[in-house]
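We're numbering straight along the sequence, starting at 1.
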Amino acid sequence: MPKLKTHSGAKKRFNLTKSGRVKRAHAYKSHLLNGHGKTTKRKRGLRKNTMADKTNVAAIKKMIPYK
């Protein structure tokens with residue numbers, strides 16, 4: 001069986017936990033962070049990691065086979 005190529009976008013965005021779950025970051029954290037964009041409470045919530053939805057896990061794991 002040939003080696004698989006890792007998806008370079010996925011390897012930057014996802015990590016696997018020891019139990020095999022997929023960790024991801026929240027969206028909407030890149031700009032409009034001061035003043036009129038988002039509240040402090042909302043930005044603080046976006047900092048935390050969360051798990052990927054079960055409907056996407058199989059596809060993500062195929063993209064990061066060696067993580």
Side-chain angles (χ1 to χ4, degrees):
M1 184 111 181
K3 290 190 218 177
L4 297 169
K5 286 204 173 183
T6 300
H7 190 286
S8 59
K11 74 182 173 190
K12 296 169 191 173
R13 289 175 172 83
F14 303 106
N15 279 310
L16 292 180
T17 62
K18 291 281 187 179
S19 60
R21 295 172 74 196
V22 179
K23 269 194 333 187
R24 67 167 178 86
H26 282 99
Y28 306 107
K29 183 67 173 62
S30 57
H31 65 122
L32 292 178
L33 297 173
N34 57 346
H36 57 278
K38 299 168 186 71
T39 63
T40 308
K41 183 178 179 181
R42 184 172 163 200
K43 290 185 287 187
R44 192 164 56 241
L46 292 174
R47 270 186 231 140
K48 298 172 180 158
N49 286 330
T50 187
M51 298 300 159
D53 191 71
K54 64 181 179 181
T55 58
N56 300 322
V57 166
I60 293 168
K61 283 187 175 181
K62 277 183 190 171
M63 290 193 274
I64 50 171
Y66 305 113
K67 256 197 172 183

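- Side-chain atoms of His26 never come within 3.5 Å of backbone atoms of Thr50 as a donor-acceptor pair (strictly under, hydrogens ignored).
- Distance OG1/Thr6 to NZ/Lys12: 12.0 Å, rounded to 0.5 Å.
- Remark: Leu16 CG to Arg21 CZ distance equals 11.5 Å, nearest 0.5 Å.
- By the 4.5 Å heavy-atom criterion applied to side chains, Arg24 and Ile60 are not counted as neighbours.
- For NZ of Lys67, the number of neighbouring non-hydrogen atoms (other residues, nucleotides, ligands) closer than 6.0 Å is greater than 12.
- Without hydrogens or angle criteria, Lys61 side chain to Val22 main chain gives no donor-acceptor distance under 3.5 Å.
- Distance check, rounded to the nearest 0.5 Å: CG of Leu46 to CG of Leu33 gives 8.5 Å.
- To the nearest 0.5 Å, the span separating CG on Asn56 from CE on Met51 amounts to 14.5 Å.
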### Stepwise side chain to side chain contact (heavy atoms under 4.5 Å, CB included) check, Tyr66 with Lys11
CA-CA 10 Å; Tyr66 305 113; Lys11 74 182 173 190; over 6 Å; no

### Leu4 vs Lys62, side chain to side chain contact (heavy atoms under 4.5 Å, CB included): CA-CA, chis, key distance, verdict
CA-CA 9 Å; Leu4 297 169; Lys62 277 183 190 171; over 6 Å; no

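- Here Met63 contributes atom CE and Phe14 contributes atom CZ; the two are 6.0 Å apart, rounded to the nearest 0.5 Å.
- Note that CZ of Arg13 is 8.0 Å distant from NE2 of His7, once rounded to the nearest 0.5 Å.
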